[in-house]
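What follows is a set of notes on a single structure, which appears directly below.
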Amino acid sequence: QVQLVESGGGLVQPGGSLILSCVASGSPFSIPAMGWYRQAPGKERELVAAIISGGSTAYSDSVKGRFTISRDNAKNIVSLQMNSLKPEDTAIYYCAASAAGRIDFESSYDYWGQGTQVTVSS
């Protein structure tokens with residue numbers, strides 16, 4: 001089983017930036033697809049961004065132009081650069097990995113991290 005560990009969450013003021021990182025361990029192979037989900041209080045978990053090993057990316061409309069997902073295939077590390085943060089971005093952010101290489105459905109992700117809290121507030 002692949003283990004995912006997120007880091008980088010915290011408290012930031014509106015307009016600020018954070019970088020989230022996720023390290024995948026337990027496999028010598030590059031994971032085909034990885035993504036970031038988030039769950040805000042009182043809301044369902046939603047896809048924020050995803051990336052496949054070839055470099056193609058997908059973003060939620062709410063974060064396009066502000067967030068950038070990237071990965072190091074050799075090290076199985078995925079990062080999320082978050083700029084111009086808004087209070088609406090406050091949520092627990094989860095790293096996920098898909099062995100099948102699919103990013104379109106939540107059920108496609110086989111492994112999940114424990115989550116890291118991002119709070120955007122003055």
Search all heavy atoms of [X] against all heavy atoms of [Y] and return the closest pair with its distance.
X	Y	result
M34	A24	CE-CB, 4.2 Å
Q117	T90	NE2-CG2, 4.0 Å
I69	Y59	N-OH, 2.9 Å
S53	S30	CB-OG, 4.3 Å
S17	S84	OG-N, 4.3 Å
A58	I103	CB-CD1, 4.0 Å

TODO: Pick out which of I77, V78, L80, T116 makes a side chain to side chain contact (heavy atoms under 4.5 Å, CB included) with C22.
DONE: V78
- [ ] Please list, chain by chain and in numerical order, all residues satisfying side chain to side chain donor-acceptor pair (under 3.5 Å) with Q114, sequence neighbours excluded.
- [x] E6
Same apolar cluster (I L V M F W Y, side chains within < 4.5 Å links), [X]/[Y]:
X	Y	value
Y37	V63	no
V120	L20	yes
I92	L85	no

Distance, nearest 0.5 Å, that separates [atom1] of [X] from [atom2] of [Y]:
X	Y	atom1	atom2	value
T57	R71	OG1	CZ	12.0 Å
N76	I31	CG	CD1	4.0 Å
F67	S79	CZ	OG	13.5 Å
E106	S98	CD	OG	12.0 Å
L18	Q81	CG	CD	8.5 Å

Open item on the list: Test: salt bridge (Lys or Arg N to Asp or Glu O under 4.0 Å). Region: residues 113-122. Which pairs qualify, not counting sequence neighbours?
Closed with: none
Open item on the list: Under the rule for side chain to side chain contact (heavy atoms under 4.5 Å, CB included), what residues qualify as partners of A91, not counting sequence neighbours?
Closed with: R38, A40, Y93
Open item on the list: Less than 4.5 Å apart, side chain to side chain, heavy atoms only: is that true for R45 and W112?
Closed with: yes
Open item on the list: Is the shortest side-chain heavy-atom distance between Y109 and L4 below 4.5 Å?
Closed with: no
TODO: Compute whether any side-chain donor of one residue and acceptor of the other, for S60 and S62, lie under 3.5 angstrom apart.
DONE: yes
Open item on the list: Check this for me, if you would: do K86 and D89 make a salt bridge, where the nitrogen-to-carboxylate-oxygen distance has to be below 4.0 angstrom?
Closed with: no
TODO: Examine distances only and state if a side-chain atom of Y94 and a backbone atom of Q39 form a donor-acceptor pair shorter than 3.5 Å.
DONE: no
